[in-house]
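What follows is a set of notes on a single structure, which appears directly below.
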Protein chains: 2
Amino acid sequence: MEIEFQDLSYEVYKRLKNMILVNELLPGEQLKQEHIAARLGISRMPLHKAFQMLENEMLVENLPRRGFFVTRIDNNQLIDAFECREALEGVAVRRVSQIIGKQELAYLKSLFKPFIGKTNIDDRKYIEADQEFHNSILKFSRNEILKKFEVIRNITYRTYRGGLIRAPKETLPEHLAIIDAIEQKDAVLAERLIREHSGKSQKCIIEKLGTSPNGVEPVLHHDKK
Amino acid sequence: MEIEFQDLSYEVYKRLKNMILVNELLPGEQLKQEHIAARLGISRMPLHKAFQMLENEMLVENLPRRGFFVTRIDNNQLIDAFECREALEGVAVRRVSQIIGKQELAYLKSLFKPFIGKTNIDDRKYIEADQEFHNSILKFSRNEILKKFEVIRNITYRTYRGGLIRAPKETLPEHLAIIDAIEQKDAVLAERLIREHSGKSQKCIIEKLGTSPNGVEPVLHHDKK
DNA sequence: AAATAGAATATTGTATACAATTATTACATA
DNA sequence: TATGTAATAATTGTATACAATATTCTATTT
């Protein structure tokens, strides 16, 4: 189970990131440097760099002299993240409407084609399409700064692992309407639509949080006693 | 010129960050690990951690096997950052309007009191107040995720070092209007005002730069010759 | 004199070693 | 048995050492 690549830290980073995102490493779990280093057949230095990267994406937290822990997703942070996402996707889609190319537009459309008209939709596949849609909007905006906000993608990704937030029947038309606005190069409309779209999901999240469904609970981080 | 603290990396990070922000380290300049480590009387490991932090704030860039360089602020990135700032400050001020306390509100007001009614304003002091105002909005929002977006603060800070973007005569009333909306707990108005405020500065920046956000081409960094 | 190849030097990336701190265990005592 | 404390082990933080790569300098050739 060894890793040998050009940029060790980066490979380690990607690997750990994935392990966290798919819950192979659980929230709250401590990441002991020597253990992981040994398991990956590397020293602690490149590992430390990887941890640093993960920390900046809020996937791990560092307690000085204690170590690194997989971050628990705090409900408040979740809401915070969704609010930011709403605004930033607005920024992105505004730009996308102005600069999108034919291929990119076709790609966006292709994401949802398999679901149009269908009655029973595979949730897992729809979630994938949904995430790819939102990621593509960010990517196609060519806004370099937006790429720095991996934090938000991570949090929403981890959230969506709990299952669909709203039914495809409800969100599919919204997605299509956004794509339509982009195609019409109506930046203002596209921004309004995507913000409404995000806003609705936000509300559903907040409602769901009342019951704290999939192990998400408002816990302070790693404080004993 | 030595540093000895509890968290070495963090102290080094703060120090280097400041040196970059005040142009003591110039854009494009290479940061040679051993030189700086020697100058600070530490080893390269905590230094490397500091570099990593700076990289995540886009204050330095890492070219593999070449080293770390102070990032040049690219015009396109500048525009990108301002667009994000506009949106995120909107998110922040919306929340601020809902949760702000008396002291915080008084603090916001106090920032601009020295300039009200004055005819000849010290630009440097006004810039400081302006930045503190915008930073406070972010802070008072208590949005944990927003704190992660130090990138944007850095870029705008470095930009403002080039001097005022718009005259205080123009921006002072805008600032006061925003504070007023916050006081009235009118979140929607506050958001609209701060976005307009940011938007105007954005336009001025773009005019000064002479470039448009569209049809731009990516400039490679640190390419010699 | 300019250009190029090769050697010398400088710099980064990784691993190991040691020091400082924290967590765990064992034991004595109430 | 429960509790507090000392000893031990585990873990992190920092420094040093070495290997891999990049840069600079020098000498040679055209």
Side-chain angles (χ1 to χ4, degrees), chain A residues 1-17 19-20 25-56 59-71 220-225, chain B residues 1-17 19-20 25-56 59-71 220-225:
Chain A
M1 208 229 208
E2 307 216 342
I3 292 182
E4 63 279 269
F5 277 99
Q6 288 191 338
D7 191 342
L8 227 45
S9 326
Y10 188 67
E11 292 302 322
V12 173
Y13 151 78
K14 281 199 295 184
R15 190 139 166 183
L16 290 175
K17 175 169 177 171
M19 288 171 85
I20 293 172
L25 296 170
L26 296 170
E29 191 173 341
Q30 182 172 13
L31 301 174
K32 290 179 184 169
Q33 299 182 5
E34 214 137 341
H35 291 191
I36 297 176
R39 229 176 105 192
L40 267 47
I42 59 170
S43 83
R44 276 168 41 206
M45 237 207 98
L47 182 61
H48 200 273
K49 191 174 174 181
F51 280 161
Q52 196 69 31
M53 292 192 240
L54 294 169
E55 190 183 16
N56 281 295
L59 287 172
V60 305
E61 280 178 313
N62 180 246
L63 301 185
R65 280 272 166 212
R66 308 279 291 291
F68 287 88
F69 301 79
V70 179
T71 49
L220 287 179
H221 301 242
H222 317 308
D223 43 359
K224 301 207 166 179
K225 292 186 199 96
Chain B
M1 207 229 208
E2 306 215 344
I3 292 182
E4 62 278 271
F5 278 99
Q6 288 190 339
D7 190 343
L8 226 46
S9 325
Y10 188 66
E11 292 303 321
V12 174
Y13 151 77
K14 281 199 295 184
R15 190 139 165 184
L16 291 176
K17 175 169 178 170
M19 288 171 85
I20 294 172
L25 295 170
L26 297 170
E29 191 173 342
Q30 183 172 11
L31 301 173
K32 289 178 185 170
Q33 300 183 4
E34 214 136 338
H35 292 189
I36 297 177
R39 231 176 103 191
L40 268 48
I42 59 171
S43 82
R44 275 169 41 204
M45 234 206 104
L47 182 62
H48 201 272
K49 190 173 175 181
F51 279 160
Q52 196 69 30
M53 293 191 240
L54 294 169
E55 189 182 15
N56 280 295
L59 286 172
V60 305
E61 280 178 313
N62 180 247
L63 301 185
R65 279 273 166 214
R66 308 278 292 289
F68 287 88
F69 302 79
V70 179
T71 48
L220 290 178
H221 299 248
H222 316 307
D223 42 0
K224 302 200 169 181
K225 296 183 192 94

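Quick note on labels: first sequence line is chain A, next is B, and so on, each numbered from 1. Just so you know, these numbers come straight off a predicted model, no measurement behind them.
- Taking all atoms of both residues into account, the shortest heavy-atom contact from B:A37 to B:L47 is N-CD2, 3.8 Å.
- Rounded to whole Å, atom C1' of C:dT16 lies 14 Å from atom CD1 of A:I42.
- In this structure, the side chain to side chain contact (heavy atoms under 4.5 Å, CB included) partners of B:E34, at least two apart in sequence or on a different chain, are B:R44.
- Here the P atom of nucleotide D:dT11 and the CZ atom of A:F69 are 12 Å apart, to the nearest Å.
- Side-chain atoms of B:R44 come within donor-acceptor range of the base of C:dG13, with a qualifying N/O pair under 3.5 Å.
- A donor and an acceptor atom never sit less than 3.5 Å apart when one is taken from the side chain of A:R66 and the other from the base of C:dT22.
- Each of C:dG13, D:dA15, C:dT11 was ranked by its minimum atom distance to the side chain of B:M45; first place goes to D:dA15.
- Within the 4.0 angstrom heavy-atom criterion, no nucleotide atom of any strand lies near B:L47.
- Per the geometry, CD belonging to B:Q33 stands 14 Å off C1' belonging to D:dA15, to the nearest Å.
- The 5' end of DNA chain D is approached more closely, in terms of each residue's nearest nucleotide, by A:L31 than by the other of A:L31 and B:R65.
- Atom CD of A:E34 and atom C1' of C:dA17 are 11 Å apart (whole Å).
- The NE2-C1' distance, from B:H48 to C:dA15, rounds to 14 Å in whole Å.
- Taking atom CG of B:L63 as the reference point, atom P of C:dT11 lies 16 Å away to the nearest angstrom.
- Distance alone, capped at 3.5 Å, is enough to place a donor-acceptor pair between the A:Q30 side chain and the A:R66 backbone.
- Pairs engaging residues 26-47 of chain A under the ring pair (Phe, Tyr, Trp, His ring centres under 6.0 Å) rule: none recorded [sequence neighbours left out].
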Carefully, step by step, assess B:Y10 and B:K14 under the rule side chain to side chain contact (heavy atoms under 4.5 Å, CB included).
CA-CA 6 Å; B:Y10 188 66; B:K14 281 199 295 184; 3.7 Å; yes
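- B:H35 places its NE2 atom 12 Å from the C1' atom of C:dT12, with the value rounded to the nearest Å.
- For D:dT14, the OP1/OP2 oxygens have no side-chain nitrogen or oxygen of B:S43 closer than 4.0 Å.
- Rounded to an integer number of Å, the gap from CG of B:L8 to P of C:dT21 is 13 Å.
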